[in-house]
Amino acid sequence: MTDRSTTTGQPAWQSMLQRWAKYAPPGRPSPLDVENFRDRLLLAVEQAADRTGATPERPAQVLVLGATPELRSMLAGLPQVRVTLIDYLLPMLQAMTELLTTPAPDETWVKGDWITAPLPERYFDAVLSDLVLANLPHERQRALVERVHRLLKPGGRWINRIDCVDENSRFLELEELLERYVSDEPPTQSDICFLRCAAGLRHWDQETGFQSWGGLGEAMERYREDGRFTHPDPRANRLLEAVWEITEPFDKPYWLREKSALDDMLKHWFSIEHEIRDDAVVPHHERGYYLYDLKPQ
C-alpha cells in the first residue's frame with residue numbers, strides 16, 4: 001500500500017478519511033454487516049468462555065486489523081472483550097477514532113505491519129477484519145492468512161469480511177454502466193458507490209489479481225476536459241463527477257481473488273464455519289462480498 005498519493009501529495013490514508021462519509025455499503029460495513037459481525041463474535045466469546053472461563057473480569061482477547069470505526073463502535077458496547085488494534089499508521093487510528101458513534105473505547109493500539117508486527121501467538125480468541133485482504137498482493141494475502149492462524153488460540157475465530165470476484169460479477173464498459181445508472185433523479189450515494197465498484201471491476205486482471213483504479217480514471221478521462229465532465233448526457237456528468245470525487249487519487253493498489261481461489265487459500269489454514277453473502281450487491285453485478293467465520297485447522 002502506498003503511503004502517499006502521487007496525484008495529491010497527501011497521505012493516502014488522509015484521502016480515504018476525507019471520503020469516508022461519502023462511502024456507502026458495501027464499501028464500508030452496513031448496519032446488517034455490523035450485526036452479523038456482532039453475532040459471530042458473541043458466539044466466539046461464548047465458546048471462549050466455555051474453554052477458558054472468560055468473564056468481564058477475564059475478558060476475551062479480540063484483535064482488529066485496521067481502524068474500521070463501525071467495528072470499533074460495536075466492540076465498545078461489549079464488556080466481555082478486550083480490544084487490540086493494529087495498523088501501521090497511528091494517525092489513521094487517531095483520525096478514525098473521531099468517526100466512532102460511541103465514546104472513545106478502551107483499546108490497546110499497536111503500530112505495525114499486520115504480518116510482521118510483534119504480537120503474541122495463540123493469544124487471541126477472535127480476530128476481526130473488514131476488506132483488508134484486497135490491500136495486499138496475493139503473496140502477502142497468504143502470509144496474512146497464515147499469520148492470523150498463528151495468532152489465534154485453538155478454537156478461536158477469524159471473522160473477516162472479504163470482497164472477491166464471484167459468479168455474479170460482470171466486466172462491463174463504463175458507457176454501458178452509465179446508461180444503466182442514469183436517472184432523472186439525483187443519484188444516491190449508494191448508486192455512486194455501486195457504479196464505482198462495477199466500473200472498476202472492468203480493470204481487474206485475472207492473472208495477477210490486480211484491479212487498476214488508474215484504468216478507471218483513464219476511462220473517465222475520455223469524458224473530461226478542462227477539469228469538468230463533458231458527457232452528452234448531463235445526468236451522466238453528475239455520476240462521473242461523484243465517482244471521481246470518491247475515487248481520486250486513482251493510485252490506490254487493490255487485489256482481488258476469484259471466490260473459488262479465495263476459498264482454497266483460506267481452507268489451507270482454516271475451516272469455514274459460516275459464510276454470509278451480501279445479497280444487496282447482486283443486482284449490481286460488481287464484486288461479491290462475504291462475511292467468513294473461520295476456525296483454525
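- For the pair Thr247 (side chain) and Phe250 (backbone), a donor-acceptor distance under 3.5 Å is absent.
- Paired with Tyr290 under the rule side chain to side chain donor-acceptor pair (under 3.5 Å), one option of Asn160, Asp166, Asp163 passes, and it is Asp166.
- Note on Val243: it clusters hydrophobically with Leu172, by side-chain heavy-atom contacts below 4.5 Å among ILVMFWY residues.
- Hydrophobic clustering of Ile, Leu, Val, Met, Phe, Trp and Tyr side chains at less than 4.5 Å, counting indirect connections, keeps Leu43 apart from Val34.
- With hydrophobic clusters built from ILVMFWY side chains whose heavy atoms lie under 4.5 angstrom apart, Leu32 does not share a cluster with Leu41.
- A side-chain donor from one of Thr97 and Arg72 sits under 3.5 Å from a side-chain acceptor of the other.
- Side chain to side chain, Ser260 and Asp263 fail the donor-acceptor criterion of an N or O pair below 3.5 Å.
- Using a 4.0 Å cut-off between charged nitrogen and carboxylate oxygen, Asp264 and Arg257 do not count as a salt-bridge pair.
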Would Trp158 and Ser129 satisfy side chain to side chain donor-acceptor pair (under 3.5 Å), going step by step from the backbone distance to the final call?
CA-CA 8 Å; Trp158 185 12; Ser129 56; 2.9 Å; yes
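- Here the OG1-CD distance, from Thr101 to Glu70, works out to 8.0 Å after rounding to the nearest 0.5 Å.
- A salt bridge between Glu121 and Arg150 is present, with a side-chain N of the basic residue lying under 4.0 Å from a carboxylate O of the acidic one.
- Between the side chains of Glu176 and Tyr181, not a single donor N or O lies within less than 3.5 Å of an accepting N or O.
- Taking the six-membered ring where tryptophan is involved, the planes of Phe229 and Trp244 are perpendicular, since the angle between them exceeds 60° and thus also 30°.
- Of the charged side-chain nitrogens involved, none lies within less than 4.0 Å of a carboxylate oxygen, so that Arg235 and Glu241 do not count as a salt-bridged pair.
- Between Asp125 and the choices Arg157, Gln61, Lys153, Arg82, the side chain to side chain donor-acceptor pair (under 3.5 Å) rule is met once, by Lys153.
- Inspection of the Glu167 and Ser169 side chains reveals no N or O donor paired with an N or O acceptor under 3.5 Å.
- Both the sub-6.0 Å distance and the 45° axial angle are satisfied by Arg196 relative to the ring of Trp213.
- If you chain together hydrophobic residues whose side chains sit under 4.5 Å apart, Val127 and Ile115 fall into the same group.
- Side-chain contact of Gln206 with Trp204: a donor-acceptor pair under 3.5 Å is absent, judged by distance alone.
- Ring centroid separation for the pair Trp255 and Phe210 comes in under the 6.0 Å cut-off.
- Taking CZ from Phe171 and NE2 from His285, the interatomic distance works out to 12.5 Å, rounded to the nearest 0.5 Å.
- Cluster membership check: Leu100 does not share its hydrophobic cluster with Val64, using side-chain heavy-atom separations under 4.5 Å among Ile, Leu, Val, Met, Phe, Trp and Tyr.
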